[in-house]
Amino acid sequence: MKLSKLVGERFKEKPSDCVVESHALMVRGGYMKYVASGIYSSYMPLKRITRKIENILREEMDKIDGQEVQFPVVMPATIWQESGRYEAIGKEMVRFNDRNNSPHVLGMTHEEAAVHLVREYGQTYNNYPFMIYQIQTKFRDEARPKAGLMRVREFTMKDAYSFHTSQQDLEEYYDKCHKAYERIFERVGVPGVISVASDSGMMGGNISHEFMLLSDIGEDSIAICSECDYRANMEAAENINDYVRTSPSEELTLVHTPNKHTIEEVCSFLNSSERNSCKAVVYQRNSDDKYIVLFLRGDLEANETKLTNYLGFDIHPATITEDCGLNAGFIGPVKLEGDFIVLYDNSLKNMNNVVCGANVIDYHYTGLDVSRDLNSVEFHDFAKIQEGGICPKCGKHAIKISRGIEVGNIFQLGTKYTKSMQMTYVDSDGNSQYPIMGCYGIGVGRLAASICEAHHDDYGPIWPKAIAPYQVHLCAVRSDNQEVKELADKLYEELQNKGVEVIYDDRDVSAGIMFSDADLLGVPVRVIVSPRNIKQGVVEIVARDKSFSESAPIDTALNDIMKRL
Ligand code: ATP
Ligand code: MG
């Protein structure tokens with residue numbers, strides 16, 4: 001490909017709307033163009049990168065007996081009504097009516113389509129297990145698209161669905177897929193991607209893992225133990241309580257705390273530590289605004305995912321009105337009266353000499369003994385694990401919190417979709433059974449952007465060889481010079497004859513522009529033909545990642561370039 005003909009523009013200035021490097025570099029490098037919020041077109045360099053990623057995904061899915069299929073982007077509402085998700089999913093799913101006024105959706109995931117495809121084939125147990133996958137467009141009307149390809153509304157996903165006749169078979173396949181994912185991330189150049197135990201949502205009980213690239217720009221928080229191999233998404237990590245009483249319980253005493261609303265204010269006023277206080281966090285049920293009051297230790301934060309999983313319905317932070325019966329800033333577990341759902345976090349279990357609200361304006365209690373003063377309450381895990389917290393696996397105070405980008409996930413689905421969509425098979429004893437499913441996703445664009453985050457410098461991406469848009473970036477510096485043009489043309493042809501993917505900068509532009517464009521295209525090997533080099537009888541071969549730089553004699557240049565590939 002000649003750079004003079006490459007569609008797209010490259011430029012120096014960092015676009016003001018780009019908050020992450022991968023986004024800025026991909027816009028500056030002529031990889032993508034904004035169309036609408038969360039919707040982009042790709043120019044050829046990006047298309048070549050994603051095609052290579054997709055081919056690696058294909059090879060690895062085929063290796064674990066996957067069969068590539070294709071589901072439709074547009075689906076009738078009926079199959080989503082069967083699974084119950086037509087109603088359960090919110091505005092993220094685009095719904096519309098076709099010309100006959102029949103409701104349809106844009107595919108945002110394809111469990112329903114997968115079950116629909118194999119419902120008949122899967123009627124006999126002999127046909128199991130099997131895995132089908134596709135690499136295709138998804139549309140999700142995300143509330144806040146951001147960070148370029150990291151969170152978009154339209155994106156390409158590799159999504160795979162496996163079907164099994166026993167939990168053990170699913171688990172064995174799940175492990176195989178886990179290993180395939182490790183190979184994928186290694187091959188595309190991000191071997192540092194780790195798998196973390198993740199939250200399985202409202203289904204509960206099921207096992208799932210997310211594959212995370214550790215990065216400060218990541219949206220997810222991950223708890224990693226520095227003493228053992230425990231790592232989990234913060235949403236899923238259990239927060240352990242190791243409270244031990246150090247002094248005898250004092251009496252429950254009402255104290256005047258005028259205008260002290262926050263737990264910090266109250267504790268500093270009473271000269272007490274936040275660790276020895278109990279605070280209230282209030283939510284409301286989405287469907288009817290019923291109040292949910294969660295009590296937890298004052299220095300901890302509530303984990304909304306754990307709360308919704310426990311409650312089984314969606315919630316939002318509460319608006320506390322004057323007549324709702326709650327005294328904001330003074331809410332406490334003793335004598336709290338009203339029609340609220342009241343929950344207690346594990347962190348409060350067994351605590352004594354605790355400071356808490358008294359449910360009366362300007363008053364708190366000191367000396368709360370949770371075991372003595374609260375009647376038969378149940379404790380559950382609703383708090384976020386903290387930096388320095390206790391590892392749920394090895395029990396040491398060794399939890400570190402890191403940010404991560406979720407590039408993929410694997411999920412033991414169980415029978416949720418086969419049951420709801422009535423997919424059954426007859427087992428060897430003649431009994432009707434529901435197949436057990438697993439599903440496995442990787443976002444192609446987010447992965448490309450993550451690779452860029454992991455491999456770039458101030459001047460541009462440094463694409464790993466396996467997914468780079470081209471292998472060689474050939475620069476003809478001073479292409480108006482006859483000798484330069486002849487040698488560069490010749491190398492271009494010879495490299496192509498050898499099957500090398502070459503981008504050839506044949507433009508009559510300054511060396512500065514040529515090199516900054518080459519930096520933005522991030523091709524692993526750069527070959528420079530220039531009048532000065534020719535005078536010395538050489539061409540320069542330089543690595544984009546600066547790992548080598550050599551002057552190769554013109555006679556052996558082709559061979560020397562091939563060696564560097
Ligand atoms: P997230 O929590 O980031 O929204 P998700 O849990 O919704 O992801 P899945 O539905 O399991 O993700 O999709 C599988 C993969 O698809 C994700 O791991 C991610 O790589 C990619 N993906 C999901 N949503 C987006 C998006 N809005 N933009 C780009 N890629 C996405
Ligand atoms: Mg999502």
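These figures come from a predicted structure and were not determined experimentally. Just so you know, ligand 1 is whichever comes first in the structure, and atom 1 is the first atom listed for that ligand.
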Residues in side chain to side chain donor-acceptor pair (under 3.5 Å) with R297, at least two apart?
D299
Can you name the side chain to side chain donor-acceptor pair (under 3.5 Å) partners of T165, sequence neighbours left out?
none
Over all heavy atoms of both residues, which pair between V196 and A232 is shortest? Give the atoms and the distance, please.
CB-CA, 3.9 Å
CA sep, side-chain torsions, deciding dist, call: F130, Y121, ring pair (Phe, Tyr, Trp, His ring centres under 6.0 Å)
CA-CA 11 Å; F130 56 89; Y121 173 78; 5.3 Å; yes
Suppose we call two aromatic rings close when their centres sit under 6.0 Å apart. Are Y417 and Y161 close by that rule?
no
What does the list of residues with a heavy atom under 4.0 Å from ligand 1 look like, ordered by chain and number?
R140, E142, L149, M150, R151, V152, F155, M157, E406, V407, G408, N409, G443, R446
With sequence neighbours left out, which residue pairs that include part of residues 390-401 fulfil the side-chain hydrogen bond (donor to acceptor under 3.5 Å, both in side chains) condition?
D229-K393, D242-H397
